[in-house]
Amino acid sequence: MATDQLRRFYQQASAWAEEARQSGWLSETDVERIKSVEARTPTELFESGTQRPLVVAFFGGTGVGKSSLLNRLAGQAVARTGVERPTSREVTIYVHKSVQIQKLPEEFPVDKVKIALHQEQNNHDILWIDMPDIDSIDTSNKQLVLEWLPHIDVLIYVVSPERYRDDRGWRLLLEHGHRHAWLFVINQWDKGQESQREDFTRLLNEAGFKHPIVLCTDSREKEHAPDDFEKLAQTIRSLANEHTIQQLETRGISLRMQELHNTLTQATEKIGSDESFAALQQHWQVIWDTTAAELEQGLAWKIDNMAESFASRDTGLLPRFKKSAPEQPASKPTTDTETIWDNWAQTRLNDVLDNLIVEADAQAIPTAPLRPKLSEIRKNAKGWTDNHLQTSLRSALLKPGTALQRFIYHSTGVLATILPLAALSWVGYRVLVGYYQSAAAPGQYLGINFTTHSLLLVVTAWLIPWLAHRKLKPSLQKAALRGLQTGLSDGLAEIGQQTRKITEELHQQQQKLHRKNEQISQQYAEPEPPAPQSSDNKTLARMLIAESTSDK
Ligand SMILES: Nc1nc2c(ncn2[C@@H]2O[C@H](COP(=O)(O)OP(=O)(O)O)[C@@H](O)[C@H]2O)c(=O)[nH]1
Ligand SMILES: [Mg+2]
């Protein structure tokens with residue numbers, strides 16, 4: 001049944017909005033907008049499966065004559081009129097006894113409803129309601145009216161010649177006009193003038209009723225002048241048939257469904273789109289690249305300083321002579337990388353993350369889900385950077401220099417041992433041979449020249465590789481510098497990466513919400529716009545606000 005479908009649609013849309021609100025994607029107001037779409041219908045008042053009557057209500061300010069009109073219709077005093085009770089909080093229902101009222105509007109105080117049953121065939125298919133005065137000082141009256149409104153097909157807006165202009169009811173008419181069929185009655189016509197009818201009609205034209213039905217009645221109890229009362233009763237009766245009720249019902253439901261579709265669409269526009277997220281991610285790429293470069297530049301001196309503290313470990317060629325004041329303790333190399341990410345760096349990071357939030361806002365992406373996640377980045381940035389600095393510094397110090405450098409360094413070390421040994425072996429061999437030869441054929445034994453050359457040879461064989469070895473030792477300072485630089489850029493890369501991940505996660509959340517929203521919308525197909533002002537019923541057409549104006 002259409003009413004059930006509307007209910008389900010409403011419930012699913014509300015649940016979706018609630019879920020989106022809980023995760024920060026929609027505001028309280030957005031949810032309220034969806035929830036305020038009317039899901040109640042006249043049909044709900046009656047037992048399902050039975051042919052329901054047309055629900056007609058007298059609507060208007062205090063003392064205009066609503067109760068008098070109902071009594072006149074009923075031919076008896078079913079509703080209390082002003083004589084007994086000037087401002088009525090009471091709702092009087094005048095209905096045929098065969099009609100089964102299933103339930104009254106929710107939250108409606110039952111003791112305020114007076115049901116007058118009748119057996120009159122004339123009003124068999126009409127449920128008449130005399131509504132509370134909408135302009136009473138007691139604002140709860142207006143609330144009562146609002147509770148009833150969604151259950152009403154036709155509203156008979158009753159005014160008096162004195163008070164038809166600044167009526168509170170007028171505002172309700174403008175707000176709820178397109179949801180109902182309206183008939184207008186200027187009661188107390190005994191005090192009225194034709195110009196007032198024209199003026200009132202003109203106001204109604206402006207409110208969207210092209211040819212409003214404006215009837216003038218004189219409902220004084222004792223005697224009254226001939227008036228439009230019969231026409232009023234007749235007009236309502238002409239609508240009280242299955243076909244027209246069905247038409248009104250369908251119109252009401254499709255208006256409500258359309259409104260739900262519209263608010264759902266509006267809500268998805270609030271949560272950003274694929275394009276807005278793509279733009280946000282691109283923006284992040286740009287601003288982070290710039291900021292990361294700035295941070296690397298701004299923190300370079302700190303890294304240089306820290307690397308320099310390793311220079312003392314790099315014993316040069318003539319370390320002792322270099323040290324001008326050897327009694328001063330050599331400055332200990334510091335590996336306290338925590339000091340590198342300082343307040344300045346944190347401020348730069350905070351600025352760039354704020355910039356991201358501003359961009360999200362500019363891209364119409366809600367910032368509520370983004371903010372707490374970015375706070376995590378702000379909190380963790382120092383830790384991440386420090387971690388990378390430590391890891392990278394340690395591994396750099398463990399293996400300073402390039403692989404080739406290290407190979408040559410080791411080779412020269414080995415040579416510094418092997419070459420002098422080889423030279424010594426050769427000298428030893430020559431000594432032995434010389435000794436043997438001088439024993440076999442006595443002559444001059446090796447002599448002073450040999451000694452000098454041998455000594456030179458051994459010393460050279462040792463000194464050259466040793467010097468080279470010392471010279472080629474990879475610099476710890478350079479290694480530290482390289483390690484720290486790599487560490488910093490890794491740290492910055494991680495910050496950039498983590499932030500991007502956040503925007504991606506949010507995009508996924510957004511897509512999920514978006515898909516769910518679409519599913520709901522598709523499940524309850526957008527209804528056709530209500531039939532073009534029911535061409536088969538001219539009277540009804542005059543009672544409805546033209547669609548083009550109701551969209552406002
Ligand atoms: N002069 C005049 N008085 C009327 C007319 N209709 C009702 N009244 C009186 O106006 C007062 C308020 O009427 P009531 O039906 O209670 O108005 P309600 O507050 O809109 O329900 C009562 O005293 C009625 O007798 C009318 O057409 N002309
Ligand atoms: Mg009344």
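- The pair Arg500-Glu504 meets the salt-bridge criterion, with a side-chain N (NZ, NE, NH1 or NH2) lying under 4.0 Å from an Asp/Glu carboxylate O.
- No donor-acceptor pair closer than 3.5 Å links the side chain of Asp361 to the backbone N or O of Gln363.
- Not one N or O on the side chain of Arg52 forms a donor-acceptor pair closer than 3.5 Å with the backbone of Phe46.
- A salt bridge links Asp133 with Lys66; the closest basic N to acidic carboxylate O contact falls under 4.0 Å.
- A salt bridge is absent between Glu19 and Lys512; no separation between the charged side-chain nitrogens and carboxylate oxygens falls under 4.0 Å.
- Counted within 6.0 Å of CD on Gln119, heavy atoms from surrounding residues, nucleotides or ligands total 12 or fewer; the atom is thus considered open.
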| said: Between His96 and Asp125, does the side chain to side chain donor-acceptor pair (under 3.5 Å) criterion hold? Intermediate values first, please. | reply: CA-CA 8 Å; His96 196 271; Asp125 297 319; over 6 Å; no
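- Applying the side-chain contact (heavy atoms from CB on, under 4.5 Å) test between Leu173 and each of Leu204, Ile545, Leu155 identifies Leu204 as the sole match.
- The number of heavy atoms from other shown groups lying within 6.0 Å of CD (Glu505) is above 12.
- A donor atom on one side chain and an acceptor atom on the other are found under 3.5 Å apart for Trp341 and Gln346.
- Counted by atom type alone, Asp199 and Tyr164 present one or more donor-acceptor pairs between their side chains at under 3.5 Å.
- Shown are Ile129, Asn187, Leu70, Val185; of these, the side-chain contact (heavy atoms from CB on, under 4.5 Å) with Ile156 is made only by Val185.
- No donor-acceptor contact under 3.5 angstrom links the side chains of His211 and Asn205, judged on distance only.
- Residues Asn517 and Thr268 bring no donor and acceptor atom of their side chains to less than 3.5 Å of each other.
- Asn241 places a side-chain N or O within donor-acceptor distance of the main-chain N or O of Thr244, the cut-off being under 3.5 Å.
- In this structure, Lys516 places its NZ atom where only 12 or fewer heavy-atom neighbours from other residues, nucleotides or ligands lie under 6.0 Å away.
- Enclosure of atom CD in Gln497 is not indicated, since only 12 or fewer non-hydrogen atoms of other residues, nucleotides or ligands lie within 6.0 angstrom.
- Asp227 and Thr217 are not linked by any side-chain donor-acceptor pair at a separation below 3.5 angstrom, with hydrogens and angles left out of the test.
- At a threshold of 4.0 Å, the pair Lys379-Glu376 counts as salt-bridged, since one of the basic side-chain nitrogens sits closer than that to a carboxylate oxygen.
- Using a 4.0 Å cut-off between charged nitrogen and carboxylate oxygen, Glu221 and Arg72 do not count as a salt-bridge pair.
- Seen from the ring of Tyr10, Arg256 does not count as a face-on cation partner, given the 6.0 Å and 45° thresholds.
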